[in-house]
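A, B, ... follow the sequence lines: proteins, then strands. Residue 1 opens every chain.
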Amino acid sequence: MLDPKLLRSDPEKVATALARRGLELDLEAFETLERRRKELQVKTQELQNLRNTKSKSIGRAKAAGEDIQPLLEEVASLGDELKVAEEALKVVQEELRQFMLHLPNLPHESVPDGRDEEDNREERRWGEPPEFGFEPRDHVALGEALGGLDFEAAARITGSRFTVMHGATARLHRALAQFMLDLHTGEHGYREAYVPYIVNDDSLYGTGQLPKFAEDLFRLEEERPWYLIPTAEVPLTNLLRDQILSPEALPFKVVAHTPCFRSEAGAYGKDTRGMIRQHQFDKVELVQAVRAEESFDVLEQLTGHAETVLQKLGLPYRVVTLCTGDLGFSATKTYDLEVWLPGQGRYREISSCSNFVDFQARRMQARWRNPDTGKPELLHTINGSGLAVGRTLVAVMENFQQADGSIRVPEVLRGYMGGLEAIAPE
RNA sequence: GGAGAGGUGGCAGAGCGGUUGAAUGCACCGGUCUUGAAAACCGGCAGGGGUUAACGCCCCUCCAGGGUUCGAAUCCCUGCCUCUCCGCCA
């Protein structure tokens with residue numbers, strides 16, 4: 001959520017920033033609501049004050065043994081008047097809240113303007129796309145030949161956009177997740193967490209998936225508003241909801257390996273082949289919460305942590321800064337890591353690293369106590385995939401394929417694979 | 001699934017429906033004392049919001065949401081959560 005004070009004090013600035021996202025801020029609607037809110041709030045609080053004062057004097061009079069009847073008559077109509085005012089205030093405040101909840105974060109000044117991914121800015125490349133002495137196959141062809149990927153079985157068991165993995169391929173998938181976790185906990189200083197895969201709506205409001213993106217989520221058939229997590233960002237960041245951290249607890253760094261569930265409504269026809277876009281996929285997620293002045297440095301740092309995974313695996317990739325039109329709802333700045341996929345002959349997103357500044361923290365009241373002021377201050381949250389495990393498997397298969405259809409196991413994974421050097425058809 | 005107990009400030013723990021946002025202790029911060037530290041003593045110490053140039057003033061919050069009342073932490077209803085015992089279970 002944006003700072004309501006900023007919106008009140010400098011609405012033009014907010015409007016200009018949101019315009020970069022192609023969004024027109026309805027200033028008039030906001031100002032009308034805001035005017036009514038102020039009016040009603042002042043009035044309500046005056047009435048509450050009056051009620052409190054009168055009630056106290058009644059208490060005092062009663063204790064003194066005086067006749068309270070005239071006092072009671074005096075306040076007789078107050079209750080109703082107050083109730084009306086409170087009711088009206090509540091309505092306006094809810095409208096205002098909804099208005100605020102639907103506004104995305106302001107793009108950072110370093111973010112390039114643009115409409116869609118075509119306008120993303122490439123920052124750097126690492127590694128060289130491999131040269132094959134043969135026509136490289138995509139992971140679907142490779143996986144089916146190996147007996148390691150079975151899309152048909154998955155479709156029978158559930159439906160489209162699911163995968164069954166078998167044998168060494170399934171193990172490779174597990175090895176990747178293990179490797180990533182070990183790297184981030186062992187070398188990058190993150191604390192491992194195991195979290196619920198089902199979250200309530202408050203958590204989803206906190207990170208910004210709700211209220212706007214309900215159609216991307218799987219909601220449970222429950223009377224309670226429970227959802228499958230679309231990313232571990234939701235449970236991990238919500239560890240901080242309604243918390244005030246002490247300065248020693250910073251920087252807060254956690255990592256978790258979880259499945260992610262996405263409905264992919266509106267993605268009909270996109271990436272229908274293979275396991276690029278699935279309803280269920282595994283991801284290792286990095287989350288940090290830091291003091292405000294550090295968050296942009298930390299974004300660079302966290303992006304580096306995700307890049308390290310690709311480098312250690314030996315997978316060529318590039319880094320792009322998302323343009324204003326491609327930027328997610330809650331983020332002020334995002335780097336995407338795109339890995340080279342020989343089967344597609346192009347770079348595809350494998351990680352997304354974002355700084356949310358205080359946007360999520362304000363929604364979930366995630367704070368730390370600044371010893372200089374003694375006051376709680378909003379944290380800044382940063383997160384990123386480190387990495388999407390399914391897509392990493394795809395990248396390993398396609399980049400390390402050999403002429404006979406076998407897959408070379410990257411050095412760093414061999415310890416997790418019982419020393420296996422290559423995956424051959426079973 | 002059955003039976004019971006309970007949810008108050010960072011923690012522990014009081015709180016006849018009235019001047020209690022909340023006693024007391026611990027923790028924490030500042031000060032006095034001390035060569036220094038400890039002890040002792042003095043003082044401070046919840047969060048959110050409104051209003052103000054500022055000092056300040058005001059409102060809301062004792063799990064959450066409703067209700068009763070002039071007035072609710074205290075009474076009533078619903079939900080959530082925690083604990084204990086029995087049953088079942090990975």
Side-chain angles (χ1 to χ4, degrees), chain A residues 1-10 30-101 194-206 210 220 222-227 235 238-250 252 358-379:
Chain A
M1 200 151 71
L2 298 174
D3 185 353
K5 288 190 185 109
L6 179 69
L7 201 49
R8 275 178 233 155
S9 64
D10 199 352
F30 172 74
E31 275 161 10
T32 305
L33 275 173
E34 181 52 25
R35 219 174 303 122
R36 288 190 54 213
R37 187 229 95 219
K38 188 164 176 172
E39 190 184 307
L40 282 167
Q41 184 160 356
V42 169
K43 182 179 169 198
T44 304
Q45 293 189 354
E46 268 169 15
L47 288 171
Q48 285 170 331
N49 184 220
L50 191 62
R51 177 204 56 197
N52 292 345
T53 321
K54 294 283 184 191
S55 293
K56 277 178 187 172
S57 69
I58 290 174
R60 227 175 287 124
K62 203 175 171 187
E66 293 166 20
D67 179 19
I68 58 169
Q69 204 48 45
L71 286 167
L72 286 182
E73 280 160 25
E74 220 177 294
V75 295
S77 64
L78 198 65
D80 290 339
E81 205 185 334
L82 179 58
K83 198 163 273 177
V84 170
E86 281 177 337
E87 213 47 59
L89 176 62
K90 207 160 134 188
V91 170
V92 183
Q93 277 178 328
E94 180 54 25
E95 280 179 55
L96 214 42
R97 193 177 84 92
Q98 286 304 326
F99 184 89
M100 296 300 293
L101 281 174
Y194 172 86
V195 292
Y197 303 157
I198 296 171
V199 293
N200 60 36
D201 57 342
D202 285 339
S203 292
L204 289 158
Y205 273 98
L210 289 179
L220 268 48
E222 269 268 323
E223 56 282 11
R224 288 175 286 200
W226 282 5
Y227 298 79
N238 276 281
L239 285 168
L240 302 173
R241 178 144 53 95
D242 293 321
Q243 301 297 307
I244 302 177
L245 298 190
S246 63
E248 306 86 66
L250 300 179
F252 176 84
D358 59 10
F359 189 87
Q360 293 181 325
R362 184 171 293 106
R363 288 178 164 229
M364 64 176 88
Q365 287 296 346
R367 295 153 297 165
W368 70 290
R369 193 176 297 280
N370 186 339
D372 296 337
T373 60
K375 289 289 160 199
E377 294 178 11
L378 291 173
L379 288 159

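Of the P atoms belonging to B:rA5 and B:rG10, the separation is 29 Å, rounded to the nearest Å. B:rC77 and B:rG4 are spaced 15 Å apart, taking the P atom of each and rounding to whole Å.
Using the Watson-Crick or G-U wobble rule with both distances under 3.5 Å, B:rC45 pairs with nothing in any strand shown. Pairing for B:rA5 is with B:rU82, a Watson-Crick or G-U wobble pair whose two hydrogen-bonding atom distances lie under 3.5 Å. When Watson-Crick and G-U wobble pairs are counted only if both distances are under 3.5 Å, B:rA12 pairs with B:rU24. Across all strands shown, B:rU74 forms no Watson-Crick or G-U wobble pair with both key distances under 3.5 Å. Within the shown strands, B:rA40 is the pairing partner of B:rU32 under the Watson-Crick or G-U definition, both distances less than 3.5 Å. B:rA53 is unpaired under the Watson-Crick or G-U wobble criterion, no partner having all donor-acceptor distances under 3.5 Å.
Listed by chain and residue number, A:L33, A:V91 satisfy the side chain to side chain contact (heavy atoms under 4.5 Å, CB included) test with A:E95 (two or more places apart in sequence, or in another chain).
More than 12 heavy-atom neighbours from other residues, nucleotides or ligands sit within 6.0 angstrom of CZ on A:R37.
Side-chain contact check for A:R224 versus A:N200: every heavy-atom pair is 4.5 Å or farther apart.
Ranked by how close their nearest RNA chain B nucleotide is to the 5' end, A:I244 and A:R37 are led by A:I244. Summary of the strand contacts: A:R224 and A:E34 both lie near RNA chain B, and taking for each the nucleotide with the nearest heavy atom, the more 5' one is attributed to A:E34.
In this structure, A:N52 reaches the B:rC60 phosphate: one of its side-chain N or O atoms is under 4.0 Å from OP1 or OP2. Regarding contacts with the backbone of B:rC59, a side-chain N or O of A:N49 is found under 4.0 angstrom from either OP1 or OP2. Contact annotation: A:R369 does not reach the phosphate of B:rC29 (side-chain N/O to OP1 or OP2, under 4.0 Å). Contact annotation: A:K38 side-chain N/O to B:rG50 OP1/OP2 distance is not under 4.0 Å.
Using a 4.0 Å heavy-atom cutoff across all strands shown, A:K375 reaches sugar-phosphate atoms only and no base atom.
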### Summary
Once base and sugar-phosphate atoms are separated, protein heavy atoms under 4.0 Å mark nucleotides 15-22 of chain B, 5' to 3', with B, S and - as ---BB---
### Message
Can you build the contact string for nucleotides 72-78 of chain B? Use B for base contact, S for sugar-phosphate-only contact, and - for no protein heavy atom under 4.0 Å.
### Response
-------
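Checking side-chain atoms of A:N370 against main-chain N and O of A:E377 turns up no donor-acceptor pair under 3.5 Å. No donor-acceptor pair under 3.5 Å is formed between the side chain of A:R241 and the backbone N or O of A:M364. Under a 3.5 Å cut-off, the side chain of A:R51 and the backbone N or O of A:V75 do not form any donor-acceptor pair.
When each of B:rC59, B:rG48, B:rU68 is scored by its nearest atom to the side-chain atoms of A:Q48, the top-ranked nucleotide is B:rC59.
Taking 4.0 Å as the cut-off between side-chain N and carboxylate O, A:E39 and A:R36 do not count as a salt-bridged pair.
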### Query
Can A:Q98 and A:E94 be said to form a side-chain contact (heavy atoms from CB on, under 4.5 Å), step by step?
CA-CA 6 Å; A:Q98 286 304 326; A:E94 180 54 25; 2.9 Å; yes
### Query
Can you list the steps and then say if A:D358 with A:D3 is a side-chain contact (heavy atoms from CB on, under 4.5 Å)?
CA-CA 9 Å; A:D358 59 10; A:D3 185 353; 5.5 Å; no
